[in-house]
There are 4 protein chains.
Amino acid sequence: MTNRIPVAVLAATGSVGQRFIQLLDDHPLFKVVKLTASDRTVGQKYGHACHWILPEEMPAWARSMEIQPTDPASFAVPLAFSALPADIALEVEPAFAREGTLVCSNASAHRTAPDVPILLPEVNPDQADILPIQRRLRGWSGGIVTNSNCTSTGMTVALKALYDAFGLKKVLAVSLQALSGAGYPGVPSMDIIDNVIPFINGEERKIESEPCKMLGRIEGEVIKPADLVISAHANRVAVTDGHMVCLSIELGQKPALKDAAKALRDYQAPEVSRDLPSAPKPVIVVRDESDRPQPRLDRLLGKGMTTVVGRVRPDPLFDIKMIVLSHNTIRGAAGGSIFNAELLVKLGYVAE
Amino acid sequence: MTNRIPVAVLAATGSVGQRFIQLLDDHPLFKVVKLTASDRTVGQKYGHACHWILPEEMPAWARSMEIQPTDPASFAVPLAFSALPADIALEVEPAFAREGTLVCSNASAHRTAPDVPILLPEVNPDQADILPIQRRLRGWSGGIVTNSNCTSTGMTVALKALYDAFGLKKVLAVSLQALSGAGYPGVPSMDIIDNVIPFINGEERKIESEPCKMLGRIEGEVIKPADLVISAHANRVAVTDGHMVCLSIELGQKPALKDAAKALRDYQAPEVSRDLPSAPKPVIVVRDESDRPQPRLDRLLGKGMTTVVGRVRPDPLFDIKMIVLSHNTIRGAAGGSIFNAELLVKLGYVAE
Amino acid sequence: MTNRIPVAVLAATGSVGQRFIQLLDDHPLFKVVKLTASDRTVGQKYGHACHWILPEEMPAWARSMEIQPTDPASFAVPLAFSALPADIALEVEPAFAREGTLVCSNASAHRTAPDVPILLPEVNPDQADILPIQRRLRGWSGGIVTNSNCTSTGMTVALKALYDAFGLKKVLAVSLQALSGAGYPGVPSMDIIDNVIPFINGEERKIESEPCKMLGRIEGEVIKPADLVISAHANRVAVTDGHMVCLSIELGQKPALKDAAKALRDYQAPEVSRDLPSAPKPVIVVRDESDRPQPRLDRLLGKGMTTVVGRVRPDPLFDIKMIVLSHNTIRGAAGGSIFNAELLVKLGYVAE
Amino acid sequence: MTNRIPVAVLAATGSVGQRFIQLLDDHPLFKVVKLTASDRTVGQKYGHACHWILPEEMPAWARSMEIQPTDPASFAVPLAFSALPADIALEVEPAFAREGTLVCSNASAHRTAPDVPILLPEVNPDQADILPIQRRLRGWSGGIVTNSNCTSTGMTVALKALYDAFGLKKVLAVSLQALSGAGYPGVPSMDIIDNVIPFINGEERKIESEPCKMLGRIEGEVIKPADLVISAHANRVAVTDGHMVCLSIELGQKPALKDAAKALRDYQAPEVSRDLPSAPKPVIVVRDESDRPQPRLDRLLGKGMTTVVGRVRPDPLFDIKMIVLSHNTIRGAAGGSIFNAELLVKLGYVAE
C-alpha cells in the first residue's frame, strides 16, 4: 500500500461522495489526499462538514481531513473522482483535465460528448482508447471518463451479454428506482411514503441513449452508438438502494429461452478488466426463484458490483422479458467510477 | 330507499368484502340482507368476526349482522356480490346462479369462460347482453357477471378511449401494484419495506388477456376478444391503495400527441351507464403535471371510480407512452362490482 | 354565506398553509381574500406557485388568486391565519396585530409570552379573555392568539379530561410523530425509510411546557401555568399524518381504571365552543380494541378534529398508561387555528 | 475447526432460525449437524423448505441439509439452539434437556422459571451457575438457558452499566420495535405502511419483568430479581431490524450527566465473557450526535452485537433520559443464544 496513487474526491459530502469515501477506505491502488465540497464548508473537517448517511462508519482518516476548495490549479493530483452536480461539472471537470488530472466522473455533463467515453469495464473497456484522441482534440494532458447513469448501468451489463450472443433490436425499459439515486436530501419523505413518483427529471432520455453509446464502438475520432432503439419509463419507489428495471427485449436472432438465460449467466468480462480490485464476481447472477431479484435482498451481491437478473421469460410482443437489479450508488455510481479508474491505471492512462 | 333490492355479500370479512360493506352503506338501490364468511365465523356478529382495516368506520348496520354460511339454497336473494377466493368461487358461484341469484363477482374463476362477461359499464355495457345466452346455455335463472382483475381495470378504460379513436395494435404494460390488491393479511411487511417484489402470481397472464376480452364483442354465443397483443410485467410496491400501470402503446392510426390526450380526456361512457349511481365523474382525468398521477394523491378522484391518466408522451418504439392509475379496491374490485350490478338492474337483468 | 368575514392566509403555500386553504373552502364564517407567500412567488397565481401535496384537490377559487407580499400595512383584514415560520412570525405577526388584525397563529414564536394565549376551544376558551389585556399592554387593536404545538394538542385535550376529574401531577410523554409535522420538503426520505429519527429540534421543550400553560388560568395580567411536571421524548416515524403519544400519568386522586376511561369518554367541551363549525364531534373517542388508535385508521375521526385515546390501562410506576392520537395538520395546526378563530368571533373579539 | 461441537437448530426455517444458520456459518466452536422444522417439511432439503428472507446468502452447507423431526430421543447432540414458538418450546425443550442436551432458547416459555436463567454474557454470566441447581432439581443431564425478549436485551445492557455505577429505582420504557421481531410472515404490510401499531401481545409484561431478573442474583436455589420497577409501552413501527427504546430512569445516586454517560461508555463485560467469539466490541457505544442512534444507521455496530445509546440528557421527572438501540434478531435473538452457548462452553457446562 506504500505506493498508492494520490487521488481527490470532488463533492465529497453528498450521497455519492460519501460512497467514494467508504469504498476508497483501504483501497489497494488509491489514497485519498484531497476532499472538496461547497464553498460554505471549505476549511472545515470532513467529519464536521458531512452529514454522513451510510450505515458503514465514516473512516477515521476522512473524519479529520480538511475540506478544500474545488480549484484545479491548487492541487496537482493525477486522478480525481467527481460527484459534482452536472451544471458545475460542466465547467470544473474540463479545468481539471486541462491541468493534467484524469477525472472519473459520475456527472452527466460530458456523457454525450462523442470523445468522452461512458465506461463499464465489464462491458466496453475498449472505449477507454478514445482517451488519447480526447487529449489530442482538446489539448488536455488529463481527461474525462464518465460512468453511466445509475439506471443504465445494470441494464447495459445484461444487454451486453445478449448483444454479444444474439444481437439486439429493441428494448422497452421501465425502472423502479431507489431514493439514494436522487442524492441527499433528495426526495421529500411526504412524496414517497405510501406512494410512487412516476417521473425523474431527464432520466428517460439518459436510459434511452446511454446504453446505445456503451454498446457502440470507436470509429475514427468518435464513439458511434450501437444501432438499437430503447424506450424508457422512469419511476421512483420507496426503496433506499437498488435500481430495478423491467425489460422487454427484441433480439437479433431468436434463441431458446434457456439459451438466453445461459448467455446471461455465462457472460465474462473482457480479459483486461476481469481481475481488477472492484471487478464484480460474478459479473451477472441469474436468479431462478420466481420472485427475485428484490432490492433489499439482492442489491449487495458481489459487494454491490454484481448485476442481478431474474424472471427471464418469453415476451408475447418481443422475444424475452426479464428484470435487472443493480446497486445504484455502488455499481451505478461511486463503485463504478473507482472500477473505471482501476482500468485506466491498468491501461497506463494514469500518470503515476 | 324503501324498495331497495335485497343483496348478499359473499366473503364479507376480507379486504374486498369490507369495501363492499363500506360502499353499500346507504346505497340507493341495494340493501344488504345477508353476509357470509368462512365456516369458522358462522353465527358470529360481523363486528366481532371481522378485523376491519379501512379508515372509514364500519357501518352500524353491518356490525350487528350475523355471519351466514355460504349456502345458495338457504337464502334466495336476487343479487349477490362475491369476494370469494377463486378456488371456492369456481364451485359456489354457479350454485348460486342455478338457484336464481345473479352473482357480481370479483373472482377470476369464471372470467375466461366465453359466455361470462367481464364488465366495465363505462367501457363495454353491451357485453351484458351475453347474459340471456349464458342462462340458456347453462340452464340458469340467475347468472355470473365478473369484473376484471384490478390491474386490468384502469388500463382498459384508458385503452378503450384510444381504441375507439385510433384502433390498437400492441400494448406493453408494467404495473406498480398496491398492497391491498393482495388481500389481508396478504404481503408480509418484511417483504415490502425498503423493497419491491417483481412478481404477482397469475397476474401477468390476466393483464395480457382480460383487456382484449373487454374490448371485444359478442359474436354468436361467445364473447370474441379484440385483436390486440399485450405484454405485461407485474410488480408489488409499498403503496396501500392504487394500482399504477406504465403503458407503451402502438395505435392503429397515428394521431398527433395532443389528439391522443384529447381522445382520453373527452371519453364518455356509453349512454346507458352514464348516470348510474357509481358512474365515475368524469370517466377519465388526464393530468397535465409532469409527475402525476401518483397513488397517494390521485387514487380517490371521482370517489375512487375515476381512471387517472398522465404523462401522455411520444414513444420511440411504439406511438405513445402514458401512465394510468386506478383505485384497486374501489374501481378495480368492490366498487366495480356494484357499478356492474347497477347496470344490470337498469338493463332489467335483476329480478326485483 | 353572504356576510363572511374576509381573512388572509399568511404563508399559504407550505404544508400547513395548504391545509388552511383546504379547510377554509366553503367555510360558513370566513372568506379568503388574501394569500401571502415568499417574495419569490409574489404576483404569481397560487395554482402556479404552490406545489400542492394534499389528496384533496386545490379549490378552484384558490388556484386563481394572486400571491401578495406579507405586508401588514397594505391589506386591512380583521383576521389572518398564520403558517409563518417562527423566526419570521416573531416580527411579522406583531406588525399585523398593530395594524388591527387578529392573527390566529401556528407559529411557536409568541406562545411563551404570558399575555398570548395558546387556545384549544374544547379545553381553555376562557384564556381568550387575555386578549383585552394583551391589547392594552401592547397598544394593539388586533392581537395574537396561538394554537399549540401539534404534539401537545391531542395530549392536552386528553389530559384536560383527567385534570378536571382527578387532578394531575406527573406525565411522561413519548411521541411517535408524523412526517407532515416537519413541513415540506421536511424530512428527507433517505432518513426515514426503514428508520426512526429519535429527535425533533425544540419539540421536547414545547411538549413539556405548552400543556401546562393551556391547563393554567389567567391571574392578573398573565396566564399562569398549571402545576404539573411533564417529561417528553420526541420521535419521528414513517407516517404521513397523525401524531401518536404514549402517556404514563400520575393523577391527583386515584380513580378506578374504568372511571378514568369514563372521564375521558364523557368529556364535554365548555358550552361556548361546543357548537362552533369546527368543533370536534365528539371531543374524545376512547377506543376499546387492544391495538388502537392507529394513525392510518383513526386520524380522520371527527373530520380530523377528534382526539382519539386507547389502551387505557394501569401503570406500575404512575397511575395510568394510555395512547393519544391527533391529526397534526388538522386538529394540531390549520384546523385548530380556524377553530380558535370561530371562538374569537363568537366571543366578539373579531371586528366584523 | 476440526473439533467443533455438534449442534442442532430447532425451528430453523423461521426468521430467528435463519439468523442462527447465518451466524453459525463458519463458527469457530459449533458445527450444525441437525436442523428441525415443522412436520410438513420433514425430509425436505433446507434450501427447498425455507423461504430465506435475509440479504446474506444462505450458506451452501445448510442448503443441502435435510429437515429432521423435532424429536429429542432421535438425536443426541450436546447443544441445541431453539427458535421454537413458546407453546411448543414449553413441552419440547424440557424433553431435550432430559435427554442430555443443553438448550439455548429464544422462547419465552421457561424464562419466568426461578431456576432457568435469562443470560446476557456481558451482564450476568454469573447466573449461569444456576445450571447445576436446575439439573439437580429437575433431574436433567442437559438444561435450559434462555436469552431475553429482544426488547429487554439492549435496555438491560445499558441499565446494567447504570445499575453498577449508581443503583436503579424506576424505569419508564417506550419501545419502537422492528418488524422482524414478529417473525415471518409476521405483521401484514397493510397494517404498517403509513402507520404505527401501539400494541405487541405480551411484550410489555416481558419488558417490565425480564430486566429485573437479569439484574438480580442467585439466592439459594432461585434467581432473585433486582428491586426495580419498570413501566413499559410497546409499539411496532415500519423498520425491518433494530429495536429502539426510549428510557426515563430514576437512579439510586444522582450523578452528573457526564458521569452517567461515562459509566455507559466505559462499561466492560465481566472478564469471563469478554473474549468470547460473539462478544460485542465494544459492549456499549454512546453516540454524541443529537439525532442518534437510528435503526438503519446503527443496528449493525459491532456486527449487530453492540448496544447503542444516545441522547443521554436530564429528565424533569426522573434523573436521566436516553435512547437504546439493539439489533433484535442478532443481539436480541440468535446472536444472543450463540453468545450464551459460547459462555456455557467456557464455563464447562457443555459436554464435549
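All values reported here derive from a predicted model rather than from experimental measurement. A, B, ... follow the sequence lines: proteins, then strands. Residue 1 opens every chain.
- Neither the backbone nor the side chain of C:L300 comes within contact range of chain B; no heavy atom of the residue lies under 4.5 Å from a heavy atom of that chain.
- In this view, C:L23 and C:I330, C:A334, C:I338 satisfy the side chain to side chain contact (heavy atoms under 4.5 Å, CB included) rule, not counting sequence neighbours.
- Only the backbone of B:L54 comes within less than 4.5 Å of a heavy atom of chain C; no side-chain atom from C-beta onward does.
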Enumerate, by atom name, each donor-acceptor pair separated by under 3.5 Å where one atom lies in chain B and the other in chain C.
{"unit_1": "B:I53", "atom_1": "O", "unit_2": "C:R296", "atom_2": "NH2", "d": "3.3"}
{"unit_1": "B:E57", "atom_1": "OE2", "unit_2": "C:R287", "atom_2": "NH1", "d": "3.3"}
{"unit_1": "B:R287", "atom_1": "NH1", "unit_2": "C:E57", "atom_2": "OE2", "d": "3.3"}
{"unit_1": "B:R296", "atom_1": "NH2", "unit_2": "C:I53", "atom_2": "O", "d": "3.3"}

